[in-house]
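This chain uses plain numbering: 1 for the first residue, then up along the sequence. Note that these values count all heavy atoms, side chains included, but never hydrogens, waters or copies made by symmetry.
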Amino acid sequence: MDQIWKEMYEAAKAVQRGRKVSDYVEAGEVSAAIYSSSGKIYTGVCIDTCSTLGICAERNAIFQMITNGEQSFTRVLAIMPDGKNGAPCGACRELMVQLMPDTYKDVQILMDYETERIVTLGEITPEWWI
């Protein structure tokens, strides 16, 4: 595992603090980190609500990147509640594709930290609907 993945994993793990925010909102069950094209790591956590107003950890991290003036990234990882990694959901993939329509296929996704399994967004999202 290269140093960037290790730093991303540790950054995502540091913000993953699953908690009840109110009777209607929970946060931090899933955390994510993205590695921007400028070399910065942005993190986010999922925010689950009793309605459809929640947000996935990956999109939250992307929004943090955009808030900080950047718009492209090369790597993404998510840490699930059980500590394992997983692929971004369809909504997260859609945002990634729309954000970087010409380069999204090259984005690396860490699927399993322990076995160092990495796939590309192009492999798991080969055909875009537009």
Side-chain angles (χ1 to χ4, degrees):
M1 185 66 54
D2 73 23
Q3 189 61 32
I4 294 170
W5 285 119
K6 289 177 183 177
E7 290 175 15
M8 290 175 64
Y9 185 87
E10 291 304 318
K13 199 70 177 159
V15 298
Q16 186 180 31
R17 294 180 304 275
R19 62 203 176 277
K20 184 175 181 178
V21 177
S22 76
D23 288 341
Y24 310 101
V25 178
E26 293 182 356
E29 290 292 318
V30 175
S31 63
I34 60 170
Y35 187 73
S36 74
S37 297
S38 75
K40 293 181 183 171
I41 295 172
Y42 295 95
T43 59
V45 297
C46 68
I47 301 173
D48 295 315
T49 69
C50 67
S51 64
T52 60
L53 298 175
I55 189 76
C56 295
E58 297 94 328
R59 280 183 284 152
N60 197 344
I62 290 168
F63 295 155
Q64 293 295 324
M65 177 191 68
I66 292 170
T67 298
N68 283 281
E70 297 196 60
Q71 60 197 38
S72 65
F73 59 97
T74 60
R75 298 179 182 204
V76 63
L77 67 80
I79 303 175
M80 304 304 158
D82 65 0
K84 301 289 184 184
N85 304 102
C89 73
C92 290
R93 293 180 202 186
E94 180 65 24
L95 175 63
M96 293 176 197
V97 172
Q98 288 188 29
L99 185 62
M100 302 184 311
D102 297 326
T103 58
Y104 82 90
K105 289 186 177 185
D106 298 327
V107 172
Q108 295 179 335
I109 300 169
L110 183 66
M111 297 294 289
D112 190 324
Y113 187 83
E114 292 176 12
T115 64
E116 301 183 19
R117 181 172 174 241
I118 298 166
V119 299
T120 65
L121 186 55
E123 289 173 308
I124 64 171
T125 312
E127 301 279 335
W128 188 33
W129 64 274
I130 290 186

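No path of Ile, Leu, Val, Met, Phe, Trp and Tyr side chains, each step under 4.5 Å between heavy atoms, connects Val119 with Tyr9, placing them in separate hydrophobic clusters. Under a hydrophobic-cluster definition in which Ile, Leu, Val, Met, Phe, Trp and Tyr are linked whenever side-chain heavy atoms come within less than 4.5 Å, directly or via other members, Phe73 and Met111 are assigned to the same cluster. Both Tyr42 and Val107 are members of a single hydrophobic cluster when ILVMFWY side chains are connected at heavy-atom separations under 4.5 Å. When the side chains of ILVMFWY residues are joined at heavy-atom separations under 4.5 Å, either directly or via intervening members, Tyr35 and Ile79 end up in a single hydrophobic cluster.
Around CZ of Phe63, the count of heavy atoms belonging to other residues, nucleotides or ligands within 6.0 Å exceeds 12. The 12-atom threshold is not exceeded at CD of Gln71, counting heavy atoms of other residues, nucleotides or ligands nearer than 6.0 Å.
Between Met80 and Ala87, the shortest heavy-atom distance links the atoms CE-O, 4.5 Å. Closest heavy-atom contact between Gln16 and Val30: NE2-CA, 4.0 Å. Taking every heavy atom of both residues into account, Val76 and Glu58 meet most closely at CG2-CG, 4.1 Å. Pro88 approaches Ile124 most closely through the heavy-atom pair CD-CD1, 4.2 Å. Among all heavy-atom pairs drawn from Ile41 and Ala11, the shortest one is CG2-CB, 3.9 Å. The two residues Ala27 and Val21 make their nearest non-hydrogen contact at CB-CG2, 3.8 Å.
Without hydrogens or angle criteria, Asn85 side chain to Ala78 main chain gives a donor-acceptor distance under 3.5 Å. No donor-acceptor distance shorter than 3.5 angstrom exists from the side chain of Arg93 to the backbone of Ala91, with no hydrogens or angles considered. Checking side-chain atoms of Asn60 against main-chain N and O of Cys56 turns up no donor-acceptor pair under 3.5 Å. Side chain of Glu116 to main chain of Met1: a donor-acceptor pair is present (N/O by atom type, distance under 3.5 Å, no hydrogens or angles).
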For Met65 and Leu99, what are the C-alpha separation, side-chain angles and deciding distance, and is it a side chain to side chain contact (heavy atoms under 4.5 Å, CB included)? CA-CA 12 Å; Met65 177 191 68; Leu99 185 62; 3.9 Å; yes
Please determine whether side chain to side chain contact (heavy atoms under 4.5 Å, CB included) holds for the pair Cys92 and Leu95, giving the CA-CA distance in whole Å, both sets of side-chain angles, and the decisive distance to 0.1 Å. CA-CA 5 Å; Cys92 290; Leu95 175 63; 5.8 Å; no
Evaluate the side chain to side chain contact (heavy atoms under 4.5 Å, CB included) criterion for residues Lys84 and Glu114: first the C-alpha distance (whole Å), next the side-chain angles of each, then the deciding distance (0.1 Å), finally the verdict. CA-CA 9 Å; Lys84 301 289 184 184; Glu114 292 176 12; 3.7 Å; yes
Apply side chain to side chain contact (heavy atoms under 4.5 Å, CB included) to the pair Thr67 and Glu70, showing each step before the final yes or no. CA-CA 7 Å; Thr67 298; Glu70 297 196 60; over 6 Å; no
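Using a cutoff of 4.0 Å between basic side-chain nitrogens and carboxylate oxygens, Asp102 and Lys105 are not scored as salt-bridged.
Looking only at side-chain heavy atoms (C-beta outward), Tyr24 and Thr49 stay at 4.5 Å or farther from each other.
No side-chain donor from either of Gln98 and Tyr104 sits under 3.5 Å from a side-chain acceptor of the other.
Taking CE from Met8 and CD from Gln3, the interatomic distance works out to 12.5 Å, rounded to the nearest 0.5 Å. The OG1 atom of Thr74 sits 8.0 Å away from atom CE of Met100, with the distance rounded to the nearest 0.5 Å. Taking CD of Gln64 as the start and CZ of Arg59 as the end, the distance is 14.0 Å to the nearest 0.5 Å.
None of Ile118, Ile4, Ile34, Ile109 except one satisfies the side-chain contact (heavy atoms from CB on, under 4.5 Å) rule with Arg75; the exception is Ile4.
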